[in-house]
Amino acid sequence: MKRFRLKYFLVGAALIAAAASCKKEHFKDGGTHTGKLDTDIYSFLQSRPFEFDTIVQILDKTGLAEEVKKNNITFFAPKDLCIVNYLKKRGGTKLEDVPVAELKAAMMKYIIPNKKIWRDEVSFFNVPGGGGDYVTNLAGDSMLVDAPARQDYNGVKEAGPKFIRIWYPNGYAYARSRRFDAANTWPETQEPGPKYYNPWVNSGNVITSDLQATNGNIQVLNGSHTFNFPYK
């Protein structure tokens, strides 16, 4: 725990220093940030140990490092904080005690092979029937990528920046429109059956979008996301 506290204290200090040295054009209003990299996805993650050293460790441990080195992919990159959230969700389990098969199945959800996803090409969710685009992850599961409605900005309606997010339906809610319905109205949540969290709630919200690596795109998820999209 002390290691994590020190790590994220240093992250904050590094971000303050970086912000002071970056030019204005390096930033997008609203927090999203894009950029072109001169390295592949795996090497980029390695170069950012304060954010991704645990992610790199999992990629190496599960044999998935080679997958994020392949061409024409999109990696929705969880931050190390997402792993912290995941371990807390598992009752404070240590990472080394999590079965490798479980880590591999979880990480495969974030790797989208044979497709580069661009923020500006993702459709908004607030359209008739529910918008968004289905993609297939490395495990062969359907994921939904969409953009929430733009917020008003300086009094101008829907003038705010565009964000995107990725959803994992957990085998239950593949109909886009179900995102608008209360989870307690769904058949699988009714008594006497088991209660599940709304599968759409724990989405992965992208905080840094369209990082163009030499072999694909990186969409960095907010640290508030919980790795593996837990739902129960």
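Heavy atoms only: backbone and side chains are in, while hydrogens, waters and symmetry mates are out. Quick caveat: nothing in here was measured; it's all calculated off a predicted structure.
Checking side-chain atoms of Ser43 against main-chain N and O of Asp40 turns up no donor-acceptor pair under 3.5 Å. Panel note: side chain Gln219, backbone Asp210; a donor-acceptor pair is recorded below 3.5 Å. Checking side-chain atoms of Thr136 against main-chain N and O of Ser142 turns up no donor-acceptor pair under 3.5 Å. Formation of a donor-acceptor pair under 3.5 Å by the Thr74 side chain with backbone atoms of Ile117 is found in this model. Asp80 contributes a side-chain N or O that, together with a main-chain N or O of Asp53, makes up a donor-acceptor pair within less than 3.5 Å. In this structure, Lys162 contributes its side chain and Arg119 its backbone to a donor-acceptor pair below 3.5 Å.
Between Phe229 and Ile166 the shortest side-chain heavy-atom distance falls below 4.5 Å. Considering only heavy atoms from C-beta on, Val84 stays 4.5 Å or farther from Thr54 through its side chain. Within the 4.5 Å cutoff, the side chain of Ile73 has no heavy atoms near those of the Asn114 side chain. Residues Lys88 and Thr226 fail the side-chain proximity criterion, which asks for heavy atoms closer than 4.5 Å. Asn215 has its side chain out of reach of Lys70: every pair of non-hydrogen atoms, C-beta onward, lies at least 4.5 Å apart. Taking 4.5 Å as the limit, every side-chain heavy atom of Ile112 sits out of range of all side-chain heavy atoms of Val145. When side chains are defined from C-beta on, Thr214 does not count as touching Thr39, because their heavy atoms never get closer than 4.5 Å. At a threshold of 4.5 Å between non-hydrogen side-chain atoms, the residues Asp146 and Asp133 do not count as touching.
To the nearest 0.5 Å, the span separating CG on Leu144 from OG on Ser123 amounts to 8.0 Å. To the nearest 0.5 Å, atom CD of residue Gln46 and atom CD1 of residue Ile55 are 13.5 Å apart.
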Quick one, Glu96 with Lys61, criterion salt bridge (Lys or Arg N to Asp or Glu O under 4.0 Å). Give me CA distance, side-chain angles, the key distance, then yes/no. CA-CA 10 Å; Glu96 56 265 31; Lys61 189 175 185 178; over 6 Å; no

Leu95/Gln57 under side chain to side chain contact (heavy atoms under 4.5 Å, CB included): CA gap, chis, key distance, verdict: CA-CA 10 Å; Leu95 183 63; Gln57 179 184 344; 3.9 Å; yes

Could you check Phe52 against Leu59 for side chain to side chain contact (heavy atoms under 4.5 Å, CB included), going step by step and ending with a plain yes or no? CA-CA 10 Å; Phe52 301 114; Leu59 289 170; over 6 Å; no

Could you go step by step and tell me if Val98 and Thr93 meet the side chain to side chain contact (heavy atoms under 4.5 Å, CB included) rule? CA-CA 7 Å; Val98 181; Thr93 306; 4.0 Å; yes

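Judged by the 6.0 Å distance and 45° axis criteria, Lys79 is not positioned over the aromatic ring of Phe227.
Side chains of Asn217 and Gln212: no donor on one and acceptor on the other come within 3.5 Å.
A salt bridge is absent between Lys104 and Glu67; no separation between the charged side-chain nitrogens and carboxylate oxygens falls under 4.0 Å. Ion pairing between a basic and an acidic side chain is recognised when a charged N comes within 4.0 Å of a carboxylate O; Asp141 and Lys109 show no such pairing.
Among Ile41, Val68, Asn137, the single residue meeting the side chain to side chain contact (heavy atoms under 4.5 Å, CB included) criterion with Ile111 is Val68. Among Thr208, Ile207, Val206, Leu81, the one residue that satisfies the side chain to side chain contact (heavy atoms under 4.5 Å, CB included) test with Asn222 is Ile207.
Between Tyr110 and His225, the distance separating the two ring centers is shorter than 6.0 angstrom.
Here the closest non-hydrogen pair linking Pro78 and Phe75 is CD-CZ, 3.9 Å.
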